[in-house]
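First the structure, in the form of structure tokens, and then the observations on it.
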Amino acid sequence: MSPATVKPWVVAAHLGALVLTISTASSVSFQLPIIARKAFGANDWQTLLITSAPAVLLILSIFWGDLLGRMSLGRYLLTYWLCALVPLAGIALAGSFWLFAVCFLVAAAGGAAWPAVQGEIMKNLYPDRMRGRIYGLIVTFTTLAAAGGSLLLGHWLKADADAFRTFLPIATVVQGVGLTCMVLILRLTGVHAARGHDASKDTRSIVRRVVEPLTHTRQVLREDVVFARYQGAFMTYGAAWMICEALKPVLMTDRLHLDYAQIGTNAFMAFQLAVVACTFIAGMLMDRLGPTRLCVLAFGLYPLYPIMLMLAQNSQHLMLASVIYGVCSAGVNAGWLLGPVALAPTPAKVPQYVAIHASMVGLRGTVFQFAGMAIYKVSGSFAVSFSLAAIGFAWASWQMWQLHKLMVARNRAGIGIGIGKL
């Protein structure tokens, strides 16, 4: 059950814990595909493997969501740290690309654990009527911290190409402190530490543990028409986004020939500052408009991003594209997380809905990042892939608008849709 009021100390403490955890992780993750290319000599397809893995392996979120329902939040967050963050410290010891890749892939698989618990924490700590604004406030500060981290790491790597061997272990320790703070917050606020039954008492066979989350996902998408169409619009958007993400590291290194510091400033920091500038506004719009109309606006603006990437000839052009990317992402990110939270018919269903939503990212990442790279390799030009991405964003906006009209019609007809704001 969501609380009736917001406690300022909870927001402040939650913010601090996320700065230590998520901000440091973001600062590191933005640079890893570039490190793979520059420090380990990764080719185009190897770079794509590193770029695509975090999104592709989000397909495991439905299994993490199933595990979350059978563990205390404290144990779950410890498992997340061990599986998603500790392996990144192992990259400090890597002497070849494939050792780097193994550590990275293990961490990416563990990273799929975060969306479900993030959604449950937001649902349990903040009231429905203010969740969008609180989300905007939190993301603003955590992204600002991540932007500063990206800038520092870029300059550090420019001065010392092996600096990642120092900062990755440090980041892992800092993230462990942040997650410990998160557990303390959940205990002090009275959020139940244990839900359901203990995983150690689960008598299901391994086959059932694998099959049941898949079966439940299919059942939810079949029975909840609104949520299924929400996923459809996000699938189209995600396909376009994956194409851009797959080709961006190649664009920055092969066409624009940027160094670590330039990439940190003109791509990552510019993007993050734009997110900072717009996220609180996106949160307010989320509370006022609801997820569908917010996504209509964000998806509709997104075609400018691949068009600017396609036309980019220098770091300034990349910076402009990154600003547009950040503005759009501020809106989409709010709809991405808070949409499933709002669409879930009951609080108990929130982790499942968020986990299903995150797993769909993995499904589209498996297909469309590799498709984008394949189109680029066959055509020998960025233009075709980026043009398809622009069309995809526009189509996603249209799909979301059609969904909004359906929701309005169902609401007028008195058919429940599991969401407050239309």
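We number each residue from 1, following the sequence as shown.
- Between Phe40 and Phe164, the ring planes lie tilted relative to each other; the angle falls in the 30° to 60° range.
- Using a 4.5 Å cut-off on side-chain heavy atoms (C-beta onward), Met373 and Val250 make contact.
- Arg255 contributes a side-chain N or O that, together with a main-chain N or O of Ala312, makes up a donor-acceptor pair within less than 3.5 Å.
- Counting heavy atoms from C-beta outward, Arg37 and Asp254 have side chains that approach closer than 4.5 Å.
- Rounded to the nearest 0.5 Å, atoms CG (Leu144) and OG1 (Thr140) are 8.5 Å apart.
- Here the side chain of Trp114 pairs no donor or acceptor atom with the backbone of Tyr80 at under 3.5 angstrom.
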inquiry  = salt bridge (charged side-chain N to carboxylate O under 4.0 Å, His left out) for Arg165 and Asp160? Distances and angles first, verdict last.
reply    = CA-CA 10 Å; Arg165 301 186 189 277; Asp160 177 8; over 6 Å; no

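- At a threshold of 4.5 Å between non-hydrogen side-chain atoms, the residues Phe386 and Tyr305 do not count as touching.
- Note on ring orientation: taking the six-membered ring where Trp is involved, the planes of Trp64 and Tyr76 are perpendicular (angle over 60°, cut-offs 30° and 60°).
- In this structure, the side chain of Thr21 does not engage the main chain of Leu18 through any donor-acceptor pair within 3.5 Å.
- Pairs engaging residues 226-247 under the side chain to side chain donor-acceptor pair (under 3.5 Å) rule: Gln231-His357, Thr236-Gln399, Trp241-Tyr325, Glu245-Lys248, Glu245-Tyr325 [sequence neighbours left out].
- Taking the side chain as every heavy atom from C-beta outward, Phe227 and Leu221 approach each other to under 4.5 Å.
- Looking only at distances, no side-chain donor or acceptor of Thr51 sits under 3.5 Å from a matching main-chain atom of Ala246.
- Checked against the 6.0 Å centroid threshold, Phe299 and Phe234 count as a close aromatic pair.
- To the nearest 0.5 angstrom, Leu157 atom CG is 5.5 Å from Gln31 atom CD.
- With hydrogens and angles disregarded, no donor-acceptor distance shorter than 3.5 Å links the side chain of Thr279 to the backbone of Ala330.
- Proximity of a side-chain donor or acceptor of Ser23 to a complementary backbone N or O of Leu20 within less than 3.5 Å is not detected.
- Minimum interatomic distance between Ser61 and Pro115 (heavy atoms only, all atoms of both residues): OG-CG, 4.3 Å.
- When the shell of 6.0 Å around CH2 of Trp395 is examined, it contains 12 or fewer heavy atoms from other residues, nucleotides or ligands.
- A side-chain N or O of Tyr353 and one of Asp224 form a donor-acceptor pair less than 3.5 Å apart.
- When all heavy atoms of Ser385 and Gly372 are compared, the pair lying nearest together is OG-O, 3.1 Å.
- Atom CE of Met235 is surrounded by more than 12 heavy atoms from other residues, nucleotides or ligands within 6.0 Å.
- The side-chain heavy atoms of Ile50 and Phe97, taken from C-beta on, include a pair separated by under 4.5 Å.
- Proximity of Thr142 to Leu15: side-chain heavy atoms (C-beta onward) are separated by under 4.5 Å at one or more points.
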task = Check the pair Leu125 / Ile134 against side-chain contact (heavy atoms from CB on, under 4.5 Å), numbers first and verdict last.
result = CA-CA 10 Å; Leu125 290 184; Ile134 298 297; over 6 Å; no

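- Residues passing the salt bridge (Lys or Arg N to Asp or Glu O under 4.0 Å) test with Lys158, sequence neighbours excluded: Asp259.
- Listed for the Ser397 side chain is a donor-acceptor partner under 3.5 Å among the backbone atoms of Val296.
- No side-chain heavy atom of Leu318 sits under 4.5 Å from any side-chain heavy atom of Gln262.
- Heavy-atom minimum distance, Ala274 versus Val323: CB-O, 3.4 Å.
- When side chains are defined from C-beta on, Leu99 does not count as touching Ile91, because their heavy atoms never get closer than 4.5 Å.
- Nearest heavy atom pair, residue Pro33 against residue Pro249, reads CB-CG, 4.4 Å.
- Contact record, Pro306 with Cys244: CB-SG, 3.8 Å, taken as the closest heavy-atom pair.
- A distance of 10.0 Å separates CG in Leu186 from OG in Ser72, rounded to the nearest 0.5 Å.
- Between the Ser27 side chain and the Ala146 main chain, a donor and an acceptor come within less than 3.5 Å of each other.
- Nearest heavy atoms, Met308 versus Ala321: CB-CB, 3.6 Å.
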